[in-house]
Amino acid sequence: MNTFEQLGLSEPILQAINDLGFKTPSEVQDKAIPVLLEQDTDLVALAQTGTGKTAAFGFPLIQKIDPDNRNTQALILSPTRELCLQITNEIKLYSKYLKGLHTVAVYGGASITEQAREVKRGAQIIVATPGRMQDMINRGLVNIKNINYCVLDEADEMLNMGFYEDICSILSDTPDEKSTWLFSATMPSEVARIAKKFMHDPQEITVGAKNAGTATVSHEFYMVNARDRYEALKRLADANPDIFSVVFCRTKRDTQAVAEKLIEDGYNAAALHGDLSQAQRDSVMKSFRGRQIQMLVATDVAARGIDVDNITHVVNYQLPDEIETYNHRSGRTGRAGKLGTSMVIVTKSEIRKIHAIEKIIKQKFEEKPIPSGIEICEIQLLHLANKIKDTEVDHEIDNYLPAINTVLEGLSKEELIKKMVSVEFNRFINYYKKTRDISVAVADGKRSDREPREFNSGGAVRYFINIGSRDNFDWMSLKDFLRDTLDVGRDDVFKVDVKEGFAFFNTNPEHTDLVMETLNNITLEGRRINVEISKNDGGSRRDHNGRNAGGPKRFDRGDRNDRSDRGDRGFAGKSAPRSDRRDGKFSSAKDGKFSSSRDSKPAAGKSSFSDKKPRRSDDFMNKFNEKKSRRS
């Protein structure tokens with residue numbers, strides 16, 4: 001792998017790269033930049049979303065532009081206004097040390113007159129959406145007849161959105177001798193047709209297998225009945241307390257409806273679709289980037305411009321109509337080498353689509369059951385324990401301690417812990433003890449060929465371990481770590497479920513002594529690993545009454561008419577409990593949800609558990625299970 005200096009980039013660009021903190025080129029950058037710098041050639045580059053394609057064409061493009069010539073020299077076409085603005089901002093950052101180089105964004109939803117004025121002042125690089133660019137050409141507001149470079153970014157998505165005719169018309173207005181650079185995640189027939197029609201003997205660069213998914217994303221699917229799709233979404237969110245996600249729906253109507261339901265149930269959610277005004281879209285994206293929204297419900301078109309760091313999950317509430325689009329969806333997470341998870345909620349009739357997607361992305365899905373209520377309660381309890389332990393004390397509270405101590409006088413340490421945890425925990429138990437199992441079982445009661453071993457894990461032992469995604473594990477890498485550490489077979493560790501500060505896994509009973517003795521006597525990066533047996537086996541349990549309440553409210557919304565204060569329904573609005581979460585404070589008992597602050601992450605290097613062996617959490621679950629059995 002080359003360094004940026006070895007790629008042949010000029011000093012002003014290297015200085016900007018240093019300011020941005022880029023250390024080494026990504027694979028697509030390492031392959032594309034030297035080719036584009038050394039030759040005037042057409043190029044087709046196939047690489048997944050999040051692999052650094054903008055810099056791969058941006059760096060060489062900037063170096064080839066003449067800043068002293070104020071005529072338009074390059075056109076970059078992108079599918080959406082969000083992506084158009086994102087590319088424009090990045091090009092400006094890359095060219096900050098090149099005086100006289102100007103980049104202008106041209107997109108719908110903003111004043112065409114002002115955009116034309118910016119172009120007329122001198123724009124060597126225009127970044128545009130196809131529809132607005134065609135409009136400006138038709139009005140004679142822009143001249144691209146003499147450009148030297150044309151970049152088609154996310155070409156497959158532009159064609160999926162119906163821009164084929166616009167792209168052909170725009171390219172027909174450009175000179176034949178220009179260099180055309182086509183960047184795409186997949187290579188459907190429409191993209192190949194564009195390349196054949198408008199490119200001359202293009203060089204091809206492929207990062208990974210054609211149309212394959214990125215290796216940093218794990219893929220899971222959950223089978224439910226159609227009526228339980230929304231309930232499944234809520235349970236997946238509750239089972240991942242630190243979820244920061246994009247939830248994909250097929251239509252604008254479904255997107256708005258799901259977002260409204262999530263907001264009604266107290267989740268920090270918002271809708272992003274084409275019917276929102278530009279101001280609303282900008283506000284939603286600002287809130288999402290600021291971690292004030294944890295579940296952004298979006299259509300495929302609206303999500304094309306989303307480039308937000310550290311998205312933990314992509315949730316496919318519905319699979320896309322075009323299965324190739326799944327690659328674009330899953331590419332929202334697992335970016336820049338970080339791990340991510342793509343979840344799919346499916347019905348039995350959609351299983352064939354899972355097989356089709358596996359062939360395209362060349363990766364296997366793991367079939368998982370929707371978490372049971374008891375499992376969610378345990379996850380939330382341990383998440384709260386981690387959060388309490390990692391909370392940094394603000395010593396402004398010291399002045400109030402005498403009064404607080406008076407109020408709490410007479411309570412033992414154990415009683416105090418129980419009461420404090422119960423403040424946040426009671427509503428979850430009260431809801432989930434009434435819920436039913438919503439995972440769809442195999443019709444004949446036997447495991448299907450696709451069904452992983454863990455679905456038939458009667459008698460298996462479930463373990464809690466104090467390492468998780470904070471330690472750079474996902475379920476695949478943790479499973480490999482456990483299997484190698486224990487020196488057991490490939491199928492002897494199963495049902496691995498990774499959270500931020502902890503995880504769960506299963507083995508068969510004969511491995512229990514090995515697990516406890518081996519893992520409780522090793523350290524990971526100086527921190528002692530702690531493993532305990534969980535009474536929850538990780539499988540789904542059906543409540544005998546079969547009831548399904550609306551869901552545990554994340555907070556008491558008070559008057560439901562308060563939504564009028566937020567304007568557009570489904571639009572993230574004002575709410576005092578939300579600000580409490582962002583401040584990292586515990587919300588009140590009526591919140592009914594362990595709040596998860598995006599801005600109050602534990603300090604780097606802090607352990608989730610102390611060096612002393614933690615008290616066993618299964619005492620609590622034991623009592624809860626006993627009470628549940630008596631009620632049943």
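Side-chain atoms of Glu350 come within 3.5 Å of backbone atoms of Thr347 as a donor-acceptor pair (strictly under, hydrogens ignored). Judged by distance alone, with hydrogens and angles left aside, the side-chain atoms of Asn69 form a donor-acceptor pair with the main-chain N or O of Asn71 at under 3.5 Å. Without hydrogens or angle criteria, Ser172 side chain to Cys168 main chain gives a donor-acceptor distance under 3.5 Å. Side chain of Lys368 to backbone of Glu220: no donor-acceptor contact under 3.5 angstrom is found. A distance-only check finds no donor-acceptor pair linking the side chain of Thr333 to the backbone of Ser330 [under 3.5 Å]. Although no hydrogens or angles enter the test, the distance criterion places a donor-acceptor pair under 3.5 Å between the side chain of Gln6 and the main chain of Thr3. Listed for the Tyr230 side chain is no donor-acceptor partner under 3.5 Å among the backbone atoms of Tyr317.
There is no side-chain donor-acceptor pair under 3.5 Å between Ser169 and Asp166.
Of all heavy-atom pairs spanning Cys249 and Val297, the tightest one is SG-CG1, 3.8 Å. Leu61 approaches Ala74 most closely through the heavy-atom pair CD1-CB, 3.7 Å. Considering every non-hydrogen atom in both Gly108 and Thr129, the closest pair reads N-OG1, 3.9 Å.
Between Leu182 and the options Leu77, Val191, Leu43, a side chain to side chain contact (heavy atoms under 4.5 Å, CB included) holds for only Val191.
Listed by first then second residue, pairs satisfying ring-ring contact (aromatic ring centres under 6.0 Å, His included) with a partner in residues 84-132 read Phe59-Tyr94, not counting sequence neighbours. Among pairs with a residue in residues 139-193, those fulfilling ring-ring contact (aromatic ring centres under 6.0 Å, His included) read Phe57-Phe183, Tyr149-Trp181, at least two apart in sequence or across chains.
Shown here are the salt bridge (charged side-chain N to carboxylate O under 4.0 Å, His left out) partners of Asp254, two or more places apart in sequence or in another chain: there are none.
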Exercise. Take His355 and Phe365, measure what ring-ring contact (aromatic ring centres under 6.0 Å, His included) needs, and give me the verdict at the end.
Key: CA-CA 9 Å; His355 291 286; Phe365 279 78; 9.6 Å; no

Exercise. Decide yes or no on side chain to side chain contact (heavy atoms under 4.5 Å, CB included) for Met343 and Asn316, but give the supporting numbers first.
Key: CA-CA 6 Å; Met343 299 174 167; Asn316 294 268; 5.9 Å; no

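Few gaps surround CZ on Arg193; more than 12 heavy atoms of other groups in view lie less than 6.0 Å from it.
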